[in-house]
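Values in this document were obtained by computation on a predicted structure and should not be read as measured data.
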Amino acid sequence: GIGKQAYWDSLVAGKSGVDWITEFDTDPYPCKVAAKVRDFNASDFISAKQIRHMGRFSQFAVAACRMAVDDSHLALAPFVTTNAMVCFGTSGGAPIFEQAAVNFQLGGMRSVDPWTALEYPPHAPASYVSIELGITGPTVSVSSNCCTGLDALQSAALQVRSGRSKIVITGSSEAPISPALFATFSALGALSKRSDDPTRASRPYDLLRDGLVIGEGAAGFVLEELEHARDRGAPVYAEIRGFGGASEAIDMRKGDLTGKVMARAINGAIQDSGLRPEDIDHVNAHGSSLPDFDVCDSNAFKEALGQHAYRIPISSIKSMIGQPFAAAGSLQAAAACMSILNQKVPPTLNQEVPDPRCDLDYVPNASRIVRVKNVLANGHGFGGGCSALVLGRVDE
């Protein structure tokens, strides 16, 4: 869905965004499905001059941040734009570089779009957000695989807490649906091979899961000190209460199935929040549908939360939006904010056959009304990076 309400309505309705790939021929690939943003019109958010060159992942970034700024009632006056900062994350524009490589093979250097060097690197979305919104404070790019969205929020929070920036425009984006990228993840053996029903392909924590489904998207936030937001009458969805991070430092693909390193990140976030494990009301989980990563998640929740892990609802929205890599953490955080606002948690779709190794309450197949004050979101990237963020309701 485009916009926070459409996104939230689809999540709580259990509406999957996974469908057949039509952008390229999938016959050579074991995976035939992806979760694509439908009905996106870049001209609703970006000038025609910029659209001509801007990659899809940068278009998503600008659109999400424009919606965030509008939603926060932030007037971009010169004083604001001078003292604001952009801290935005992505993995980079692989499809842009892929097209340049194809053109180079066919026609040499003269066939390569000269804008390619500017458009594919991870700095592009943050730069375009600054350009389009007129933010002249610092511009920072974050890229830490599937932890990117959570890490960008943490980096932004540190800037506000330190007093270096009054306001930070933050979030993350990704648009990775392209033939070569699909080839790389197919070669890795990471993608689901289900070909009967696209909506059933992503099934985190289910015994029949066989891999992730690639997704795309973005989420943007306006982050500022609480009293600053209240003084200007901004709607406040949640407070960033704590962050924790760790690295398994084992292998680029294989991870720590015991979940002890992820648990250390989760415990760090809870301690940083000044909370106890039993204060966590809901987990918006990494839950990518990779068999080993889902086991790591489950073990980490048990290790970090103890018996409380069995008493709280845990949702993986990737069962509906696929795995949008760098955008995942931001989309999880956006869903967490909406859970706090609406006192409801989204489901984990395709919970059909229980996995005895993933025996927690993964909110099977239907959303649920829950008292939600504090939400934990976690991320786990290839290479072993683990991040955790605690978001909390702000009492009047």
Side-chain angles (χ1 to χ4, degrees), residues 1-11 17 23 35-78 80-81 84-93 95-96 115 118-137 139-142 148-149 152-153 156 167-178 215-224 234-235 237 321 324-331 333-335 337-338:
I2 296 171
K4 70 178 191 295
Q5 197 60 50
Y7 172 60
W8 176 247
D9 290 346
S10 293
L11 287 181
E23 287 70 31
K36 188 178 179 183
V37 177
R38 300 187 181 99
D39 304 320
F40 176 71
N41 188 351
S43 62
D44 292 340
F45 307 97
I46 307 162
S47 64
K49 177 184 176 183
Q50 295 284 36
I51 291 172
R52 227 173 23 247
H53 301 292
M54 195 184 298
R56 187 171 171 88
F57 73 140
S58 294
Q59 293 176 3
F60 285 168
V62 172
C65 291
R66 278 202 186 280
M67 286 188 278
V69 168
D70 290 345
D71 186 58
S72 74
H73 313 318
L74 179 64
L76 295 175
V80 173
T81 56
M85 174 182 179
V86 172
C87 179
F88 207 86
T90 189
S91 297
I96 299 171
W115 282 79
L118 306 176
E119 298 296 339
Y120 82 84
H123 73 254
S127 300
Y128 270 123
V129 169
S130 295
I131 292 165
E132 289 288 297
L133 299 182
I135 306 296
T136 59
T139 298
V140 174
S141 301
V142 178
T148 298
L153 282 164
I167 294 173
V168 182
I169 312 300
T170 186
S172 59
S173 70
E174 203 84 289
I177 301 173
S178 70
E216 63 176 3
F221 304 85
V222 174
L223 196 64
E224 57 194 305
Y237 291 91
I321 68 168
F325 303 122
S330 295
L331 288 163
C337 288
M338 297 300 281

Flag the pair [X] / [Y] as yes when at least one side-chain heavy-atom distance between them is below 4.5 Å, and no otherwise.
| X | Y | result |
| --- | --- | --- |
| F45 | M67 | yes |
| I131 | Q50 | yes |
| F40 | F60 | yes |
| C87 | V142 | yes |
| M54 | V62 | yes |
| V129 | I135 | no |
| I96 | F57 | yes |
| E132 | S47 | yes |

Can a donor-acceptor pair be found, under 3.5 Å and without considering hydrogens, that links the side chain of [X] to the backbone of [Y]?
| X | Y | value |
| --- | --- | --- |
| T81 | L76 | no |
| E174 | A327 | no |
| T170 | F221 | no |
| E119 | A124 | no |

Exercise for the section: Test V37 against R56 for side-chain contact (heavy atoms from CB on, under 4.5 Å), laying out the working first. Expected result: CA-CA 11 Å; V37 177; R56 187 171 171 88; 4.0 Å; yes

Exercise for the section: Give the C-alpha distance, both sets of side-chain angles, the deciding distance and a yes or no for side-chain contact (heavy atoms from CB on, under 4.5 Å) between V222 and I167. Expected result: CA-CA 7 Å; V222 174; I167 294 173; 3.9 Å; yes

For [X] versus [Y], what's the shortest heavy-atom pair and its separation?
| X | Y | result |
| --- | --- | --- |
| V69 | S72 | O-OG, 3.0 Å |
| P125 | F88 | CB-CD2, 4.0 Å |
| T148 | G89 | CG2-CA, 3.5 Å |
| S173 | A326 | O-CB, 4.0 Å |
| A175 | P95 | O-CG, 3.4 Å |

Practice task
Would you indicate whether D39, at its atom CG, is surrounded by more than 12 heavy atoms from other residues, nucleotides or ligands within a distance under 6.0 Å?
Solution key: no

